[in-house]
Amino acid sequence: MDGNGRWARQRGRARAAGHQAGFHTTRDIVESAARRGVEALTLFAFSSENWRRPQTEVGLLMDLFLRALNSEVGKLSENNVQIRFIGDRSAFKPRLQTEMDNAEALTANNQGLKLAIAVNYGGRWDIVNAAKAIARDVQSGMLDVDSVDERAFASYVSLADIPDPDLFIRTGGEKRISNYLMWHLAYTELYFTDVLWPDFSDEELGAAITFYAGRQRRFGKTGEQVSSA
Ligand code: IPE
Ligand code: MG
């Protein structure tokens with residue numbers, strides 16, 4: 001979800017206004033995705049690199065995050081959304097960690113949209129974390145090294161219980177993955193748009209899905225093999 005700062009600057013406003021507008025977009029897009037029957041949606045809200053921003057902006061994002069949890073979780077739960085957070089949450093204030101735990105507990109049994117929010121997340125962190133957990137299990141004798149294949153490895157990374165993403169969307173014009181779901185994106189269709197996140201809309205989401213629908217997913221096979229299957 002990129003482009004909040006530029007959106008604000010274009011309007012001669014403070015970056016905070018961009019983040020506030022971005023929050024409204026996020027709320028709308030979660031609703032759109034649920035309405036469109038999307039099974040799982042993962043949002044990159046705060047990366048492990050975003051701590052490098054000025055302290056005031058980091059503080060502001062944390063406040064917004066806490067306010068968003070307070071105002072949205074109840075409604076999301078009523079709409080059957082299952083919420084989880086991925087990333088290293090130990091870096092957040094205890095209050096925020098508690099709210100995240102509560103949101104997950106409250107919505108754990110919901111059967112609707114699986115919403116994951118990546119906070120203090122990095123794709124490489126995720127892979128390293130998995131490698132460490134595997135090493136621990138091997139060390140304790142729970143896991144045989146020779147049984148570690150891609151499938152086994154995948155069960156140790158975040159989002160292990162949901163399918164790899166079909167579609168990746170990055171707003172704001174940059175054509176980068178920026179250390180997002182490095183493991184999971186291996187076969188994902190990548191969609192980049194210049195639209196700034198606060199301007200993203202249900203219509204833009206529709207355009208991304210239309211792009212996706214036009215792709216042929218070959219997973220290493222030839223086009224002929226796929227179209228005759
Ligand atoms: C993305 O918008 C929001 C977060 C990282 C929280 P940016 O803040 O990166 O917006 P730009 O890139 O400065 O426009
Ligand atoms: Mg940015």
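Whatever order the structure lists them in is the order used to number ligands and atoms, beginning at 1. The analysis underlying the following values was restricted to heavy atoms, covering all of them including side chains, and did not include hydrogens, waters or symmetry mates.
Counting non-hydrogen atoms of other residues, nucleotides and ligands closer than 6.0 Å to NZ of Lys221 gives a total of 12 or fewer. Counting heavy atoms of neighbouring residues, nucleotides and ligands inside a 6.0 Å radius, atom CG of Asp149 exceeds 12 of them.
Distances from ligand 1 to the non-hydrogen atoms of Glu174 include no value under 4.0 Å. At least one heavy atom of Gly3 sits closer than 4.0 Å to an atom of ligand 1. Residue Ala45 places a heavy atom less than 4.0 Å from ligand 1.
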For Glu72 and Lys75, what are the C-alpha separation, side-chain angles and deciding distance, and is it a salt bridge (Lys or Arg N to Asp or Glu O under 4.0 Å)? CA-CA 5 Å; Glu72 303 306 312; Lys75 273 182 283 175; 3.5 Å; yes
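Below 3.5 Å of separation, one finds an N or O of Asn4 facing an N or O of ligand 1. For a threshold of 3.5 Å applied to N or O pairs, the pair formed by Asn50 and ligand 1 contains no separation below that value.
Residues Asp126 and Trp183 form no side-chain contact, since every pair of their non-hydrogen atoms from C-beta on lies 4.5 Å or further apart.
The Mg ion (ligand 2) is closest to atom OD1 of Asp2 (considering only N, O or S atoms).
Nearest to atom 9 (O) of ligand 1 by heavy atom, out of Arg53, His19, Met1, is Arg53.
A salt bridge does not link Asp194 to Arg170: none of the charged side-chain nitrogens sits closer than 4.0 Å to a carboxylate oxygen. Using a 4.0 Å cut-off between a side-chain N of Lys or Arg and a carboxylate O of Asp or Glu, Lys114 and Glu39 do not qualify as a salt bridge.
At the shortest separation from atom 10 (O) of ligand 1 among protein heavy atoms lies Gly5 N, 2.9 Å.
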